[in-house]
Number of protein chains: 2
Amino acid sequence: MGQGEYELFWGDRSRPGRGRPPGLSREGIVAEAVAIADAEGLQKVSMKHLAERLGSGVMSLYRHVPGKDELVILMYDSLMAEPLPEPEADTLRDLLLAWGRAVKDMLTAHPWALKVATSHRSMGPNEAAWLDATLARLDAVDMPPRLAMIAILTVDYFALGAVRPEIGGSESSEELFRFLADPAVNSRFPHLARMAAPGSQPEPPLDDHFEFGLGLVVDGLERYIESAR
Amino acid sequence: MGQGEYELFWGDRSRPGRGRPPGLSREGIVAEAVAIADAEGLQKVSMKHLAERLGSGVMSLYRHVPGKDELVILMYDSLMAEPLPEPEADTLRDLLLAWGRAVKDMLTAHPWALKVATSHRSMGPNEAAWLDATLARLDAVDMPPRLAMIAILTVDYFALGAVRPEIGGSESSEELFRFLADPAVNSRFPHLARMAAPGSQPEPPLDDHFEFGLGLVVDGLERYIESAR
DNA sequence: CGATCAATGCGTATGAGATACGCTATTTAG
DNA sequence: CTAAATAGCGTATCTCATACGCATTGATCG
């Protein structure tokens, strides 16, 4: 997926009065696909399975969606149909924290969305609206637009990465470093072994450092912006 | 992909003297798969195509690799077979910058690897060695192990995200915001439009803010660590 | 030195999945 | 009422991964 999706999001979708009226709708299809992905995972979203859920034929879906890849992109954008949650306060710091948390919350509510978020894709109207809303608020606290965008992206990048271990469930830090259980192996990686040793370290825990790391990233941004004034 | 790959990386792969000697090797298969991915993209790495390149039958590959998913994981780990590049200096800052740049360089050299890096997967020996090397150096400048790990991960998350636009080629910021060209559309996103307006902003450019953003992230980490002392 | 064994090479068959094509059904415009 | 336009969808095709079983090839052992 990735390019030439201009038509997908922004193309003319009006219908002349003529012709058989649609029984299916793009919105309904996308919503059902999201429901499947939420309940059974993204890999269970097949055109066949989806059509069965909707009580339609497989090929009918293609009247409303160009193909599977595009469907997935629409699914992702639909997750941002609700307006961006309000920040606690209109300070630079709170705005950036709110952005990071909004992204995190969306992804933890829909774990399958992470792989879409980190793929090459074009931006849909809902994602654009989220971005525009935060840019507007940063503008209100006198952030230059392009710097504001960079701040948002930097927080975004961190959030996408830091959410991954939290989503993976079984892939907690214990699972990730399971190979260290074997002495013949962990002796090859002494520092890794010491770091992962349970209980040996106090704070912060490895598999829940989202807030901690987010704070660090926002610190860096805040300092730069203040010093640039 | 994602769990139960302990055997893949750490299982016993010794061969008794008996039996037909292998004509193929896991290393050769993985190397050829990497060559295909580098030249034609990851989606062109099929068992069929790979077998043709190697002059072997498709099913022969399965004697050396459990399956396609595992092959991709092996491909990724093989990218870190070379030891981690040396940092410019052994300071906290340079060590973290070096980590971020090493990750970026690996991913720009092998664009297909980004999607593997951001999928749920287990860690292989080469990746573990990279991590251990940086943990060792951070230990040498008195970073507590777990905090060191968090610093590395935070830089890693940023790097994985920030590399994405640079890799996407066609997906430069111009392409990403192409929908803003339509006045009927961009009026819905005024702040986005102003931010993306070409030439209106001086520095830094959107599609090459890796170093800039990396510096900000490392700043945040550095400040925290210094203040914690 | 030949029989046996163990591991590899690989052809064939299977099944899942996406989707092109073209026919049929259902409306409305004229 | 007829023609035009559009939706629904069965069938066929193509791409892939991979399970199964047989053939192949050396090493080991009697």
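Letters go in sequence order (proteins before strands), and every chain restarts at 1. The analysis underlying the following values was restricted to heavy atoms, covering all of them including side chains, and did not include hydrogens, waters or symmetry mates.
Between the side chains of A/Asp182 and B/Trp10, not a single donor N or O lies within less than 3.5 Å of an accepting N or O.
Bounding nucleotides for the chain B contact on DNA chain D, 5' to 3', at a heavy-atom distance below 4.0 Å, are D/dA17 to D/dT28.
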(request) Take nucleotides 15-23 of chain C nucleotide by nucleotide from the 5' end and write B, S or -, depending on whether a protein heavy atom sits under 4.0 Å from the base, only from the sugar-phosphate, or from neither. (result) ---SBBBB-
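In this structure, A/Lys68 has no salt bridge (charged side-chain N to carboxylate O under 4.0 Å, His left out) partners at least two apart in sequence or on a different chain. Residues satisfying the salt bridge (charged side-chain N to carboxylate O under 4.0 Å, His left out) criterion with B/Arg137, sequence neighbours excluded, are B/Glu86. Applying the salt bridge (charged side-chain N to carboxylate O under 4.0 Å, His left out) criterion to A/Lys48, with sequence neighbours excluded, gives A/Glu52.
A close approach under 4.0 Å does not occur between any side-chain nitrogen or oxygen of B/Ser60 and OP1 or OP2 of C/dG9.
In this structure, the separation between CG on B/Leu42 and NE2 on B/His110 is 13.0 Å, given to the nearest 0.5 Å.
Taking every heavy atom of residues 13-41 of chain B and every atom of DNA chain D, pairs under 4.0 Å involve B/Gly17, B/Arg18, B/Gly19, B/Arg20, B/Pro21, by number.
Judged purely by atom type and a 3.5 angstrom limit, B/Trp99 has no side-chain atom pairing as donor or acceptor with the backbone of B/Val155. In terms of modelled atom types and a separation under 3.5 Å, the side chain of B/His191 and the main chain of A/Leu135 share no donor-acceptor contact.
Dense packing is recorded around CD of B/Glu40, with more than 12 heavy atoms of other residues, nucleotides or ligands lying under 6.0 Å away.
A/Lys104 has its side chain within reach of A/Glu166: a pair of non-hydrogen atoms, C-beta onward, lies under 4.5 Å apart.
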